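Have a look at the structure below before the remarks.
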Amino acid sequence: MSKMHVKMNVNGAEVEGLAEPRTLLIHFLREQLSLTGPHIGCETSHCGACTVDLNGKSVKSCTVFVAQSNGAEVTTIEGIANADGTLHALQEAFREHHGLQCGFCTPGMITRAYRLLQENPNPSEEEIRYGISGNLCRCTGYQNIVKAIRAAADELNATREAAQ
Ligand code: FES
Ligand code: FES
C-alpha cells in the first residue's frame, strides 16, 4: 500500500512522517514518533490505554487512522507536564494519592482526566467515575484514581482563583 505524507502538531511540535493510510494513530505515535506513553490494552476500543487528546477531545488512538489525524493537534501524556518540566497537577495527584500501580493505564487515564477537567472543572465523584468510564484499570480498583482526579481539580481551581 502506498504511503501518505502526514503532518500533525504533537505536544506543541510540528511533526511529519510517511505512513500507510490504514496505520492506526497509536502505532504512528509509538513507532514513528517514539511516544510510547500511550499504550495498547485491547483490540476492541474498550480499554482507553491509548487515549490521547486530539483537537480538544479525548480520543482512543487505536480507533483512529493516521489518515484521519492528518493536520490535527495531538497531546499525549508526554506533553502533559508543565512547560518548566514540573509535573502537571494530575500527574502529581496520581503520585500523591496512589492512583497507579503497574502504570499501564496511567498515560491514557491522565490524558483523559486532563480533558475531563476542562469539560468539567469541578466534577463530583459520580461525574469523575462516569467521565473516566472509557478507561479501564486492572490494578487500582479506581478509588484512588477518583481521589487523585478530585485532588487535581481542587489544585487547578485554587491556582486559577489565585491568578484572578
Ligand atoms: S487500545 Fe484499548 S481502547 Fe485503544
Ligand atoms: S495501574 Fe495497572 S492497569 Fe491501571
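Ligands are counted one by one from 1 in listed order, and the atoms in each one are counted from 1 as well. The model shown is predicted, which means the values in this text are computed figures rather than measured ones.
- Among the atoms of Cys62, an N, O or S atom falls under 2.8 Å of atom 4 (Fe) of ligand 1.
- Among the atoms of Cys50, an N, O or S atom falls under 2.8 Å from atom 4 (Fe) of ligand 1.
- Hydrophobic clustering, with ILVMFWY side chains joined whenever heavy atoms are under 4.5 angstrom apart, keeps Ile26 apart from Val10.
- Distances below 4.0 Å separate heavy atoms of Ser45 from the following atoms of ligand 1: 3 (S).
- Among all protein heavy atoms, the one lying closest to atom 1 (S) of ligand 2 is Gln101 N, 3.2 Å.
- Residue Arg138 has at least one heavy-atom neighbour below 4.0 Å for each of these atoms of ligand 2: 3 (S).
- Glu127 and Asn120 share a donor-acceptor pair across their side chains, judged by distance under 3.5 Å alone.
- Asn9 and Glu14 share a donor-acceptor pair across their side chains, judged by distance under 3.5 Å alone.
- Atom 4 (Fe) of ligand 2 has no N, O or S atom of Cys102 under 2.8 Å away, backbone or side chain.
- In summary, the atoms of ligand 1 found under 4.0 Å from a heavy atom of Lys60, numbered by their order in the structure, are 3 (S).
- Transitive grouping of hydrophobic side chains (ILVMFWY, heavy atoms separated by less than 4.5 Å) keeps Leu29 and Ile77 in distinct clusters.
- Between the side chains of Asn82 and Thr86, a donor-acceptor pair is found at a separation under 3.5 Å.
- Those atoms of ligand 2 with a heavy atom of Gly103 less than 4.0 angstrom away are 1 (S), 2 (Fe).
- When all heavy atoms of Leu136 and Cys105 are compared, the pair lying nearest together is O-CB, 3.4 Å.
- Near Gly48, the atoms of ligand 1 lying under 4.0 angstrom from a non-hydrogen atom of the residue are 2 (Fe), 3 (S).
- With atom 4 (Fe) of ligand 2 as the vertex, atom SG of Cys105 and atom SG of Cys137 span an angle of 100° (nearest 10 degrees).
- Under a cut-off of 6.0 angstrom, the local environment of OH in Tyr142 is crowded, with over 12 non-hydrogen atoms contributed by other residues, nucleotides or ligands.
- Taking 2.8 Å as the threshold, Cys47 counts as a candidate ligand of atom 2 (Fe) of ligand 1, since one of its N, O or S atoms lies below it.
- Counted by atom type alone, Glu126 and Ser124 present zero donor-acceptor pairs between their side chains at under 3.5 Å.
- Less than 4.0 angstrom separates some heavy atom of Gly41 from each of these atoms of ligand 1: 1 (S).
- The heavy atom nearest to atom 2 (Fe) of ligand 2, out of those in Cys139, Gly99, Ala49, Gly141, is found in Cys139.
- Ring orientation note: the planes of His39 and Phe104 are close to parallel, at an angle under 30° on the 30°/60° scale.
- If you look at His46 next to ligand 1, the close heavy atoms, those under 4.0 Å, all belong to the backbone.
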